[in-house]
Amino acid sequence: MKFDQLRIQILGKEELPSLNETISIINTEESRREVMLYAQPVEESTMLGKFIDNNLKFNAEKTSASHTANSEVGQMESRPLNKDKMWCTYYKNLRHTREQCWKLHGKPQRTKLRGGQLDMLGFVFEDQIEFIQDGMMFEENSSAEFEKSMAESTFEKLQDDRKTLPVYPYRDSLLQAVHDHQVLVIVGETCSGKMTQILQYLHEGGYTKRGKIGYTQPRRVAAMSVAARVSQEMGVKLGHEVCYLIRFEDCTSDKTVMKYMTDGMLLREFLGEPDLSSYRAGVLHF
Ligand SMILES: Nc1ncnc2c1ncn2[C@@H]1O[C@H](COP(=O)(O)OP(=O)(O)OP(=O)(O)O)[C@@H](O)[C@H]1O
């Protein structure tokens, strides 16, 4: 009963009650309200909150990790330490159980559940919520996602850079010429992209499907560094598809299809394989 209604009830009496009687009427109404308040049904969502409060003893760090995860979950509220926990902003509504809550607002994305029982309040729940692990998982995922996006943007940038090299406009005519002729002489200014691009064009043109392609280079350091650069541009690990072969150092593997080597190492390749039958094409850099 609202206070106004109570006032009307008191004032509506034929004989106005005394002050003591009025106070006693008000007290009776107040205590009736209190009884009704405590008699309200306890919802599962509220109980779940109590369970979280009493059972999971968060320390400050873990709680903040949990809050980070929870803040991702739209309407789901963050959970202060010393208050009754709320499952969602509507938890006070009658029959707004956890299941209905999930149906209405969706399941919290970063909440992982596993089988378990709640003894504390005498209620049995199917699931137990691992807030702490969620927080940690969220951090791990976000750093992995960040690294992945960084790698992707670097790869895209390298691809754009490749297209700015002077050799790029000649890519198709170069592949056509390689197809049509046994031997080609290619002349290009320094840094035009001969060393880094030509093997990649051959690879993209399908020359590595049934064999290897090689590139010789007089200087050891240049062979190593260009192999590293090309593996970066292709987004592969050095030593897998792309490798270098210099004296005392061979990073080739079974996967290798593009070899950067010194002239001396090419001569050694002849010793093991006089017809170089495993090679489909080769470039000699002078
Ligand atoms: N190891 C590397 N790291 C970073 N960038 C590189 C590397 N090697 C080559 N580049 C860059 O790639 C581009 C093409 O170089 P590339 O060596 O393919 O040219 P080139 O025509 O073979 O030059 P040169 O005739 O002097 O050997 C250049 O802009 C160069 O700066």
Side-chain angles (χ1 to χ4, degrees), residues 143-271 273 276 278-286:
S143 75
E145 276 166 22
F146 176 72
E147 275 173 26
K148 197 178 160 200
S149 73
M150 284 291 287
E152 276 170 4
S153 66
T154 312
F155 182 74
E156 277 163 21
K157 191 186 170 303
L158 285 172
Q159 294 312 307
D160 291 343
D161 287 351
R162 285 183 66 197
K163 290 177 188 159
T164 63
L165 290 171
V167 75
Y168 182 69
Y170 301 97
R171 180 185 183 276
D172 292 337
S173 48
L174 197 70
L175 282 173
Q176 188 59 48
V178 173
H179 178 264
D180 295 343
H181 304 282
Q182 278 283 345
V183 179
L184 276 181
V185 177
I186 303 166
V187 182
E189 63 195 25
T190 185
C191 285
S192 57
K194 300 182 294 293
M195 202 155 63
T196 51
Q197 303 308 307
I198 290 177
L199 277 208
Q200 287 192 74
Y201 294 162
L202 292 175
H203 173 64
E204 289 157 6
Y207 283 84
T208 51
K209 281 185 184 152
R210 278 175 289 132
K212 288 180 282 190
I213 49 180
Y215 196 108
T216 67
Q217 160 55 250
R219 288 164 297 147
R220 296 165 47 127
V221 176
M224 284 167 70
S225 88
V226 79
R229 171 72 177 185
V230 169
S231 66
Q232 217 181 355
E233 287 183 0
M234 287 174 62
V236 297
K237 226 174 173 179
L238 180 62
H240 286 195
E241 285 83 353
V242 186
C243 80
Y244 63 86
L245 179 60
I246 58 176
R247 193 146 60 106
F248 307 127
E249 218 175 317
D250 179 0
C251 75
T252 55
S253 69
D254 296 343
K255 284 186 180 177
T256 300
V257 285
M258 292 162 73
K259 267 189 185 183
Y260 284 91
M261 64 193 108
T262 50
D263 302 340
M265 291 313 288
L266 178 66
L267 293 176
R268 278 181 183 261
E269 292 275 281
F270 275 116
L271 290 178
E273 194 182 9
L276 294 183
S278 65
Y279 284 85
R280 289 269 294 153
V283 182
L284 307 178
H285 190 134
F286 298 105

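Fair warning: this is a prediction, and the values are worked out from it, not measured in the lab. Counting starts at 1 for both ligands and their atoms, in listed order.
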Give the residue and atom name of whichever protein heavy atom lies nearest to atom 1 (N) of ligand 1, and the separation in Å to one decimal.
Ser225 O, 3.3 Å
Nearest protein heavy atom to atom 3 (N) of ligand 1, by residue and atom, and its distance?
Arg229 CD, 3.7 Å
Determine, counting only non-hydrogen atoms of the protein, whether one lies under 4.0 angstrom from atom 31 (O) of ligand 1.
no
Which residue owns the protein heavy atom closest to atom 22 (O) of ligand 1, what's the atom, and how far is it?
Met195 N, 2.9 Å
Is Met195 close to Tyr215 at the side-chain level, that is, under 4.5 Å between some pair of heavy atoms?
yes
With heavy atoms of Glu189 as the reference, note each atom of ligand 1 found under 4.0 Å away.
21 (O)
Give a yes/no verdict on whether any heavy atom in Gly193 is under 4.0 Å from an atom of ligand 1.
yes
Under a 3.5 Å cutoff, is there a donor and acceptor pairing between the side chains of Glu233 and Gln200?
yes
Is any side-chain heavy atom of Val167 closer than 4.5 Å to one of Tyr201?
yes
Would you please determine whether Ser192 falls within less than 4.0 Å of ligand 1 on a heavy-atom basis?
yes
Using distance alone, decide if ligand 1 has a nitrogen or oxygen within less than 3.5 Å of any nitrogen or oxygen in Cys191.
yes
Does the side chain of Gln176 come under 3.5 Å of the side chain of Asp172 through a donor N or O and an acceptor N or O?
no
Which segment of His285 sits under 4.0 Å of ligand 1 when only heavy atoms are counted
side chain
Below the 3.5 angstrom mark, is there an N/O of Tyr215, backbone or side chain, next to an N/O of ligand 1?
no
Identified side chain to side chain contact (heavy atoms under 4.5 Å, CB included) counterpart of Thr262 within the set Arg220, Arg247, Arg268:
Arg220
Identity and distance of the protein heavy atom lying nearest atom 24 (P) of ligand 1
Thr190 OG1, 3.6 Å
Closest protein heavy atom to atom 25 (O) of ligand 1, given as residue, atom name and distance to 0.1 Å
Lys194 NZ, 2.9 Å
Report the nearest protein non-hydrogen atom to atom 29 (O) of ligand 1: residue, atom name, distance rounded to 0.1 Å.
Leu165 CD2, 4.1 Å
Heavy-atom side-chain proximity of Gln197 to Leu165 below 4.5 angstrom
yes
Reference residue Ser278; test side-chain hydrogen bond (donor to acceptor under 3.5 Å, both in side chains); the match among Glu273, Arg210, Glu269:
Glu273
Quick test: of every protein heavy atom, which one is nearest to atom 9 (C) of ligand 1, and how far off is it to 0.1 Å?
Thr196 CG2, 3.8 Å
Are a donor atom and an acceptor atom from the side chains of Thr216 and His285 found within less than 3.5 Å of each other?
no
Check ion pair Glu204-Lys209 (N to O, under 4.0 angstrom):
no
